[in-house]
Amino acid sequence: MTLGDFADESEKIITDRALVAGSNTIIITVPFGATVGETWSRFRFSQQTGLAYYGGSTSGEVEDHVVTIVDANTTQRHFPSATGYVTLAYEDNWPETADYDMNDLVLRYRITEVLKNGEVAKVTISGKLAAVGASYHSGFAVRLESIIAGDIDATKTRLYYNSVLQSGSSQEAGMSEASFILINDAIDVSSYECYYFRTKNGCREDIGLEFELQFSLTTPVTTENMPAMPYDPFLFATPGYYHGPVFAQAPGRTYEIHLADQAPTEQFNTEFYQLAQDTSDPSTSRYFKTVNNMPWALLIYDEWQWPREYVDLTTAYPDFADYTLSGGTTHTDWYDINSATTNKYY
């Protein structure tokens, strides 16, 4: 067997299959003894018959896709899908609204849970650092609410940047609940050449950082006892850096921004509640919202195009203000590009 090609005997499993317009379902049987892990597949679609895995064709196209082979009695759950991403966007001026351009930290984000006999045994969190429109230094972390820190198998926890294994432990020490730091300083790791990475029209650099966190649980957890995906992704202030005039000194890890109505972690300084425009009230489970329900963090089920630098979110997407005032009952498509203001988004 030769690795890295499609030339070995029995690797070609579909030949000259007639298809119809639209979706086609083709069922194949995975060979017994197939190696668990990721491999590659190649699909050739053409009106010409008898095609090999290489070479020219009179029509059609060719696509390569990653395929994941899993153990028997193993399944996967994905958020939002096996190949798609949601967008996470943060305004790092909390508790002030300030420019409210919601582009200080923008990420594409996906979760894959591996279930063994119906219980979650392993998790992969993957994503891309899409934009850093910030002068404040901030990091990105994910907390698994209700999952005890000691339930994470430290020997099977890995963090990769652009497929390169990172040194040290990504799991936060001193936390009772499992929490992982995926990015300690977004400004530092973005390695951009233009200031305000991918938020100004003149900054059209490619995404430079893709990340992947892999961890296993010492004992698989039932789906009912796992926190709902997307778990709790949050922004925190990188220790040692100024983070706005509201704070007498650098707040560091005690500063967090979570999705609306998500309680912060045990590291958070509760004295920050209700400063400036924040109306958080733990007694009513209200967190990280203004009096008009404007959040400082968004999760959007789309690869969203964020506002340009210094452009208020409500200017770039005018329907957002009514959406928040209604409690999310109207203008639910406010984030659609067709609802955006021309030349106000990146």
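As the structure is a computational prediction, the values presented were derived from the model and not from experiment.
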Note, [X] side chain near [Y] side chain (heavy atom, < 4.5 Å):
| X | Y | value |
| --- | --- | --- |
| S46 | Q48 | yes |
| T87 | V106 | yes |
| D232 | L259 | no |
| T341 | P318 | yes |
| T58 | Q47 | no |
| F197 | I187 | no |
| D151 | V221 | no |
| L298 | F320 | yes |

Task: Candidate list M229, H78, Q76, test side chain to side chain contact (heavy atoms under 4.5 Å, CB included), partner E113, passing option - done: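 Looking at M229, H78, Q76, the match for E113 under the side chain to side chain contact (heavy atoms under 4.5 Å, CB included) is M229.
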TODO: With F140 as reference, evaluate I183, L235, L129, N184 under the side chain to side chain contact (heavy atoms under 4.5 Å, CB included) test and give the passing residue.
DONE: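 Passing option: I183.
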TODO: Determine, stepwise, if the pair Y85 / E303 fulfils side-chain contact (heavy atoms from CB on, under 4.5 Å).
DONE: CA-CA 7 Å; Y85 294 95; E303 296 200 19; 3.5 Å; yes
Can you name the closest pair of heavy atoms from [X] and [Y] and give their distance?
| X | Y | answer |
| --- | --- | --- |
| L217 | I147 | CD2-CG2, 4.0 Å |
| P95 | L275 | CB-O, 3.1 Å |
| A321 | T314 | CB-CG2, 4.1 Å |
| T238 | G139 | OG1-N, 3.6 Å |
| V123 | V120 | CG2-CG1, 3.9 Å |
| M102 | P295 | CE-O, 3.5 Å |

Euclidean distance, [Y] [atom2] relative to [X] [atom1], rounded to 0.5 Å:
| X | Y | atom1 | atom2 | result |
| --- | --- | --- | --- | --- |
| T112 | Q214 | OG1 | CD | 10.0 Å |
| K289 | T279 | NZ | OG1 | 7.5 Å |
| Y345 | R308 | OH | CZ | 8.5 Å |
| E205 | C194 | CD | SG | 4.0 Å |
| M294 | Q277 | CE | CD | 11.5 Å |
| L182 | S170 | CG | OG | 6.5 Å |

Please answer: with hydrophobic residues joined when any side-chain heavy atoms are less than 4.5 Å apart, are [X] and [Y] in the same cluster?
| X | Y | answer |
| --- | --- | --- |
| I181 | V142 | no |
| L299 | Y323 | no |
| V164 | L159 | no |
| L313 | V132 | no |
| Y90 | I300 | no |

- [ ] Would you please say whether a donor-acceptor pair under 3.5 Å links the side chains of D336 and S339?
- [x]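 Result is no, nothing qualifies.
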Open item on the list: With no hydrogens and no angle check, just 3.5 Å: does a side-chain donor-acceptor pair link T290 and N292?
Closed with: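 Result is no, nothing qualifies.
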Results of ring pair (Phe, Tyr, Trp, His ring centres under 6.0 Å) for [X] - residues two or more places apart only:
| X | value |
| --- | --- |
| F79 | Y301 |
| W306 | Y346 |
| Y255 | W94, H243, F247 |

Quick one: does [X]'s side chain have a donor or acceptor within less than 3.5 Å of a partner on [Y]'s backbone?
| X | Y | answer |
| --- | --- | --- |
| D278 | S280 | yes |
| R143 | Y231 | no |
| R44 | L51 | no |
| E91 | N93 | yes |
| E256 | T265 | yes |
| R110 | T83 | yes |
| R108 | A130 | no |
| D302 | W304 | no |
| N162 | E210 | yes |
| D101 | E309 | no |

Open item on the list: Could you check, using the six-membered ring where one of them is a Trp, whether Y317 and W334 have ring centers closer than 6.0 angstrom?
Closed with: yes
Open item on the list: Can you tell me if Y53 has over 12 outside heavy atoms packed within less than 6.0 Å of its OH?
Closed with: yes
Open item on the list: Just checking I148: does its CD1 atom have more than 12 heavy atoms from other residues, nucleotides or ligands closer to it than 6.0 angstrom?
Closed with: no
TODO: Sequence neighbours left out, what pairs pass side chain to side chain donor-acceptor pair (under 3.5 Å) with at least one residue falling in residues 121-140?
DONE: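 For residues 121-140, and leaving out neighbouring residues, the side chain to side chain donor-acceptor pair (under 3.5 Å) pairs sorted by first residue read H137-D185.
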Task: Pairs flagged by ring pair (Phe, Tyr, Trp, His ring centres under 6.0 Å) wherever residues 96-132 is involved - sequence neighbours left out - done: none
Task: Y335: partners by side-chain hydrogen bond (donor to acceptor under 3.5 Å, both in side chains), with sequence neighbours left out - done: none
TODO: Please lay out, stage by stage, how F236 and F234 fare under the test side-chain contact (heavy atoms from CB on, under 4.5 Å).
DONE: CA-CA 7 Å; F236 65 90; F234 64 94; 4.3 Å; yes
TODO: Please report the C-alpha distance between F211 and Q166 in whole Å, then the side-chain angles of each, then the deciding distance to 0.1 Å, and finally whether the side-chain contact (heavy atoms from CB on, under 4.5 Å) criterion is met.
DONE: CA-CA 10 Å; F211 57 85; Q166 301 301 290; over 6 Å; no
Task: Chi angles and distances behind the side-chain contact (heavy atoms from CB on, under 4.5 Å) call for N103, V311 - done: CA-CA 9 Å; N103 64 21; V311 175; over 6 Å; no
